[in-house]
Amino acid sequence: MPALPPRLVDALRAADNTVVLTGAGVSAESGVPTFREAQTGLWARFDPQELATPEAFARDPELVWNWYGWRRRLVADASPNPGHLAIARLQRLVSDFTLVTQNVDGLHQRAGSRDVIELHGNILRTKCSVEDAVVEDYAEEESPPVCPSCGAPLRPDVVWFGEMLPPGALEAASEATRGAEVFLSVGTSSLVYPAAGLPFEAIENGAMLVEINPDETPLTPHADYSIRASAGEVLPRLIAALSQ
Ligand code: APR
């Protein structure tokens with residue numbers, strides 16, 4: 001694994017504000033497959049980018065609901081990995097800290113992170129497809145179940161391609177980003193906007209930009225440091241260095 005940039009450790013110690021943006025790569029080591037990875041088994045022949053849309057749900061709600069049911073079970077069976085745990089520890093080691101995630105799996109919270117800004121919702125929550133309100137109790141037998149208040153089909157409370165982000169989430173992420181002295185982009189392909197715009201906002205406002213990803217992304221040429229290794233390797237070492 002490449003060495004940690006010593007300036008990064010110093011910058012994190014000195015920073016008044018740190019923002020971490022995470023993507024599916026952080027959960028990859030927990031066995032949660034990303035959309036861009038090959039699907040397995042039963043769902044191998046479906047293109048996730050075709051399933052995670054309002055159009056797909058309108059066309060075939062049962063198919064989309066069942067696909068999310070499969071993903072929900074994967075998430076329920078997964079556990080936070082050393083990358084998630086290190087991010088939760090980082091929150092306690094540095095002063096003002098904000099975690100922004102594109103992940104919908106809730107693994108950051110299960111690792112102990114607090115006040116997580118979820119840009120793309122959470123797969124474990126369900127909402128009414130018409131009223132947009134979160135629904136806790138519904139009859140599980142149907143696929144999809146129906147809203148107890150209005151009878152419309154229920155859907156996962158996630159952001160589908162072409163949909164707006166949850167009100168307030170992007171604003172909160174953007175505000176924290178503008179004040180960040182250090183911004184870490186971890187495990188994201190930096191392809192999906194508006195989340196992919198956050199690191200650029202950070203750079204414009206003078207932040208040190210650090211990317212942790214085994215692969216190059218469109219953000220790589222703009223980063224002060226690009227650490228080409230997995231989140232589960234790099235982040236625990238960063239915590240160890242910070243704790244010394
Ligand atoms: N550690 C760090 N990064 C990793 C690891 C790892 N162990 N494994 C893979 N990666 C990187 C990949 O190289 C890739 O760049 O994580 C990135 C995952 O990219 P995507 O699958 O595109 O995930 P993400 O960036 O979160 O996608 C954004 O698009 O799929 C939609 O709405 C969905 O929230 C998602 C959004």
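- Side-chain atoms of Ser95 come within 3.5 Å of backbone atoms of Ala15 as a donor-acceptor pair (strictly under, hydrogens ignored).
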Original post:
Between His108 and Gln91, is a side-chain contact (heavy atoms from CB on, under 4.5 Å) present by the stated rule, with each step listed?
Top reply: CA-CA 11 Å; His108 282 304; Gln91 183 159 34; over 6 Å; no

**OP:** For Asp60 and Glu62, run side-chain contact (heavy atoms from CB on, under 4.5 Å): C-alpha distance rounded to whole Å, both residues' side-chain angles, the deciding distance at 0.1 Å, then the answer.
**Re:** CA-CA 6 Å; Asp60 195 341; Glu62 186 178 0; 3.9 Å; yes

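- The two atoms that bring Leu119 and Ala195 nearest to each other are CD1-CB, 3.7 Å, heavy atoms only.
- Comment: Arg125 engages Glu118 in a salt bridge, judged by a side-chain N to carboxylate O separation of less than 4.0 angstrom.
- Two different hydrophobic clusters hold Ile203 and Leu12 under the rule that ILVMFWY side chains link at heavy-atom gaps under 4.5 Å.
- With respect to the salt-bridge test (charged N to carboxylate O, under 4.0 angstrom), the residues Glu163 and Arg155 qualify.
- Between the CD1 atom in Ile123 and the CG atom in Leu74 there is a gap of 8.5 Å [rounded to 0.5 Å].
- Between Gly232 and Glu29 the shortest heavy-atom distance is N-OE1, 3.0 Å.
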Subject >> Steps toward ring-ring contact (aromatic ring centres under 6.0 Å, His included) verdict (Phe57, Trp160) >> reply: CA-CA 10 Å; Phe57 189 66; Trp160 283 332; 5.3 Å; yes

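- Two residues are said to be in side-chain contact when any heavy atoms from C-beta on lie closer than 4.5 Å; Pro153 and Trp65 fail this criterion.
- Taking Ile, Leu, Val, Met, Phe, Trp and Tyr as members and joining any whose side-chain heavy atoms lie under 4.5 Å apart, directly or through other members, Met164 forms no hydrophobic cluster with any other residue.
- The two residues Arg59 and Glu50 come nearest to each other via the heavy atoms NH2-O, 4.1 Å.
- A donor-acceptor pair under 3.5 Å links the side-chain atoms of Thr53 to the main chain of Ala56, judged by distance alone.
- Looking only at side-chain heavy atoms (C-beta outward), Val20 and Leu99 come within less than 4.5 Å of each other.
- A distance of 11.5 Å separates OG1 of Thr177 from CD of Glu204, quoted to the nearest 0.5 Å.
- Side-chain contact between Leu198 and Phe183: present, with at least one pair of heavy atoms (C-beta onward) separated by less than 4.5 Å.
- For the side-chain contact (heavy atoms from CB on, under 4.5 Å) with Leu238, the lone residue among Ile227, Val9, Ile87 that qualifies is Val9.
- Note on Val134 and Val116: separate hydrophobic clusters, where clusters join Ile, Leu, Val, Met, Phe, Trp and Tyr whose side-chain heavy atoms are under 4.5 Å apart, directly or indirectly.
- A donor-acceptor pair under 3.5 Å links the side-chain atoms of Arg110 to the main chain of Ala78, judged by distance alone.
- Nearest heavy-atom pair, Lys127 versus Asp157, reported as atom, atom and distance to 0.1 Å: CD-OD1, 3.3 Å.
- For Arg13, the CZ atom sits in a packed shell: over 12 heavy atoms of surrounding residues, nucleotides or ligands are nearer than 6.0 Å.
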**OP:** Would you check, one step at a time, whether the test side-chain contact (heavy atoms from CB on, under 4.5 Å) holds for Val26 with Leu235?
**Re:** CA-CA 10 Å; Val26 174; Leu235 291 168; 5.5 Å; no

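- The line from OG1 of Thr98 to CG of Asp115 is 8.5 Å long, rounded to the nearest 0.5 Å.
- In this structure, Pro199 and Leu21 have side chains that are in contact, with non-hydrogen atoms separated by less than 4.5 Å.
- A continuous path of hydrophobic side-chain contacts links Trp67 to Leu124 [ILVMFWY only; heavy atoms under 4.5 Å].
- Side-chain contact between Val182 and Leu184 is present, with at least one heavy-atom pair separated by less than 4.5 Å.
- Tracing side-chain contacts under 4.5 Å through hydrophobic residues (I, L, V, M, F, W, Y), one reaches Leu170 starting from Val159; they form part of the same cluster.
- Distance check, rounded to the nearest 0.5 Å: CD of Glu171 to CG of Leu165 gives 9.0 Å.
- Rounding to the nearest 0.5 Å gives a distance of 12.5 Å between SG of Cys128 and OH of Tyr138.
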Check residues 207-218 and write down every donor-acceptor pair under 3.5 Å in which the side-chain atom is one partner and the other belongs to a residue at least two apart or another chain.
unit_1 : atom_1 : unit_2 : atom_2 : d
Glu211 : OE1    : Thr220 : OG1    : 2.7
Glu211 : OE1    : Ser226 : OG     : 3.4
Glu211 : OE2    : Thr217 : OG1    : 2.6
Asn213 : OD1    : Asp215 : N      : 2.9
Asn213 : ND2    : Thr188 : O      : 3.1
Thr217 : OG1    : Leu219 : N      : 3.0

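- Note that the CG atom of Leu93 and the CG atom of Leu242 stand 6.0 Å from one another [nearest 0.5 Å].
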**OP:** Carefully, step by step, assess Ile117 and Thr101 under the rule side-chain contact (heavy atoms from CB on, under 4.5 Å).
**Re:** CA-CA 6 Å; Ile117 300 178; Thr101 189; over 6 Å; no

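- Grouping the Ile, Leu, Val, Met, Phe, Trp and Tyr side chains by contacts below 4.5 angstrom, directly or via other members, places Leu154 apart from Val130.
- Summarising the geometry of Ser113 relative to Ala88, their closest heavy-atom pair is OG-CA, 3.6 Å, with the distance given to 0.1 Å.
- Within the 4.5 Å cutoff, side-chain heavy atoms of Thr22 are placed close to those of Asn103.
- Looking at Val158 and Asn122, their side chains never come closer than 4.5 Å, going by heavy atoms from C-beta outward.
- Gln102 and Val192 make their closest contact through OE1-O, 4.3 Å (heavy atoms, listed as atom of the first residue, atom of the second, distance).
- Residues His84 and Leu107 meet the side-chain proximity criterion, which asks for heavy atoms closer than 4.5 Å.
- Side-chain atoms of Glu181 and Thr18 include no donor-acceptor pair closer than 3.5 Å.
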